[in-house]
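Excluded from the calculations below are hydrogen atoms, water molecules and symmetry mates; all remaining heavy atoms, backbone and side chain alike, are included.
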Amino acid sequence: MSQSQNITINPDNIDVYIGAFDTDSSIRVADIVNPLGIPQISYGSTSQELMDQYKYRYFLRTVPADDKQARAIISYLKRFDLNNVQVITSYDSIGVHSKEEFARLARLNRICISQNITTGVSGSISVIEAHTTLNKLFSFRDATVVILFVQDPETLLQSIENRDDVRNNFTFIGTDKLGFNHEKWNNARKLMNGRRAVTFDIETADVPEFDKYLENKNPENYFFNPWFDDYYQELFQCNFDGRSTKYPEPCPTHLLGIPRAEGYIQDPYVLYVINAVFSAVFGVDKALREICPSNSIGVCNLFRTSGERRQRIMTGIQATNFVDATQQPFFYEEGGDSSRGYKIWEPLPSAEDNTQYYLEDVSN
């Protein structure tokens, strides 16, 4: 972007910020908007670090926090009388805080944690660190259930796939960082080897209206998003008018809608983005009704100049209660976290191709 195209954003014009997805980005945003009293709604940040109401007073999220996931895993372990486990955590906000909460709940529920292993201390988990971590599991062979509180588990999963000794002796429980990710499960398809493995992920469902929204968009009629062409070519694995050298096959003359691509799966966080937008709108609407005269149309001058508008908006968002696009009630719990829970998925081999896996909902 050239210097002449730079845009200066006046924070006085921002009354609600929606984002970010990951925890680290949300923390950076919070460092800016929290001192300004601007409500922030994340649709994907789950770390317990953001539960500090003094430090992140104006932070809310439409997803559940990791403490609720820890409770869900404890319930699962008790349901199947699994009372001796090992825990692998990454050296980051997700791993550290999840480990602490899980350990606290495990003590209360008489579940023994034979060993806590922290990996990825230097950043992402290397292949060497992954193998060292897996070797440590054999120090406690009786603790055959291993829980992964890992931000990016892919290297670890690939290492498990290459280790028959690990797969033959241990059962793994993944968290939402693995979650509903078909590609990662297929990359680690040997993970089970006859032993049960499950992963937890946020409770969600597809939003049909979102697929309808995407259906009519293709590179010939949608120019708003500069990355849309690349996304389309990646999804359909084709070359659109010579714009990509990655795929030699040309895209068909009659361009199909995004949901018709063979590899298309609606992102499970779409619902949470929509709920974030809806709750922000409800919060602003409530603040407008409280500040502006009853006969006002749109945003009144009193609202624009009010020093209380952001606090009123925050209060309105916190009081949000509506039925969302999946016909489920949505509201914020005390502290600004989502009321939603988790589903449990088990990867099972496909009947058509046993080298491929699908995820079965086994929450019940």
Side-chain angles (χ1 to χ4, degrees), residues 20-31 42 44-52 63 65-70 72-73 85-106 113-140 143-167 169-192 197-202 269 342 345 347:
F21 177 79
D22 65 275
T23 293
D24 288 342
S25 297
S26 285
I27 289 174
R28 301 289 80 78
V29 170
D31 289 341
S42 170
S45 302
T46 62
S47 173
Q48 291 172 246
E49 186 175 355
L50 289 159
M51 295 177 71
D52 187 337
V63 290
D66 286 337
D67 65 322
K68 184 177 286 188
Q69 182 170 217
I73 294 174
V85 303
Q86 300 189 60
V87 177
I88 298 177
T89 60
S90 51
Y91 191 70
D92 49 41
S93 177
I94 295 295
V96 171
H97 292 279
S98 296
K99 176 180 69 176
E100 292 175 352
E101 180 65 9
F102 181 79
R104 184 185 72 83
L105 294 172
I113 301 176
S114 291
Q115 182 176 205
N116 271 305
I117 307 171
T118 300
T119 188
V121 175
S122 59
S124 59
I125 302 172
S126 67
V127 174
I128 293 175
E129 284 178 306
H131 281 291
T132 301
T133 297
L134 297 178
N135 289 337
K136 291 179 180 179
L137 295 176
F138 290 94
S139 300
F140 297 89
T144 59
V145 176
V146 182
I147 301 164
L148 306 176
F149 290 114
V150 181
Q151 174 86 338
D152 185 2
E154 191 158 1
T155 302
L156 195 61
L157 292 178
Q158 289 173 347
S159 297
I160 293 170
E161 181 178 353
N162 295 325
R163 296 279 299 269
D164 289 340
D165 57 338
V166 173
R167 297 195 317 276
N169 288 282
F170 300 99
T171 297
F172 294 88
I173 296 178
T175 60
D176 62 317
K177 299 305 173 284
L178 178 58
F180 201 82
N181 190 317
H182 292 270
E183 183 177 351
K184 286 184 180 179
W185 276 115
N186 277 323
N187 287 343
R189 57 184 177 272
K190 295 180 182 178
L191 178 66
M192 283 65 68
V198 297
T199 183
F200 285 70
D201 201 6
I202 58 170
Y269 288 87
Y342 289 85
W345 302 94

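Leu148 places a side-chain heavy atom less than 4.5 Å from the side chain of Leu157. Within the 4.5 Å cutoff, no side-chain heavy atoms of Thr175 are placed close to those of Phe102.
Nearest heavy-atom pair, Ala65 versus Tyr342, reported as atom, atom and distance to 0.1 Å: O-OH, 3.3 Å. Nearest heavy-atom pair across Lys136 and Gln115 is O-NE2, 3.0 Å. In terms of heavy-atom proximity, Asp67 sits nearest to Met51 at OD2-CE, 3.6 Å. In this structure, Ala106 and Ile113 approach most closely via the heavy-atom pair CB-CD1, 3.9 Å.
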Go through the steps for Thr144 and Thr171 under the test side chain to side chain contact (heavy atoms under 4.5 Å, CB included), then give the verdict.
CA-CA 6 Å; Thr144 59; Thr171 297; 5.5 Å; no
For Val146 and Val166, what are the C-alpha separation, side-chain angles and deciding distance, and is it a side chain to side chain contact (heavy atoms under 4.5 Å, CB included)?
CA-CA 11 Å; Val146 182; Val166 173; over 6 Å; no
Take Gln69 and Thr46 through the side chain to side chain contact (heavy atoms under 4.5 Å, CB included) test and state the conclusion after the steps.
CA-CA 9 Å; Gln69 182 170 217; Thr46 62; 5.7 Å; no
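Ser45 and Ser26 form a side-chain donor-acceptor contact under 3.5 Å, judged by distance and modelled atom types alone.
The NE2 atom of His131 sits 4.0 Å away from atom OG of Ser159, with the distance rounded to the nearest 0.5 Å. Atoms OH and CG, on Tyr269 and Asp201 in that order, are 5.0 Å from each other to the nearest 0.5 Å. Between Leu156 atom CG and Ser90 atom OG the span is 10.0 Å, to the nearest 0.5 Å. One distance of note links NE2 of His97 with OG1 of Thr23; it measures 9.5 Å at 0.5 Å rounding. For the atom pair Ser114 OG and Leu137 CG, the distance stands at 11.0 Å (nearest 0.5 Å). Taking CZ from Phe172 and CD1 from Ile160, the interatomic distance works out to 3.5 Å, rounded to the nearest 0.5 Å.
Crowding of Phe140 atom CZ: a count of heavy atoms from other residues, nucleotides or ligands under 6.0 Å exceeding 12.
Taking the centre of each ring, Phe138 and Phe170 come in below the 6.0 Å mark.
Listed by chain and number, the residues in a side-chain contact (heavy atoms from CB on, under 4.5 Å) with Asn135 are Arg163 (sequence neighbours excluded). Considering only residues two or more places apart in sequence or on other chains, Ser25 meets the side-chain contact (heavy atoms from CB on, under 4.5 Å) condition with Ala20, Asp22. Under the rule for a side-chain contact (heavy atoms from CB on, under 4.5 Å), the partners of Val96 that lie at least two apart in sequence or sit in another chain are Glu100.
In this structure, Gln48 contributes its side chain and Glu101 its backbone to no donor-acceptor pair below 3.5 Å. For the pair Glu129 (side chain) and Thr119 (backbone), a donor-acceptor distance under 3.5 Å is absent.
The side chain to side chain contact (heavy atoms under 4.5 Å, CB included) test with Lys99 is passed by exactly one of Thr89, Ile147, Ile117: Thr89.
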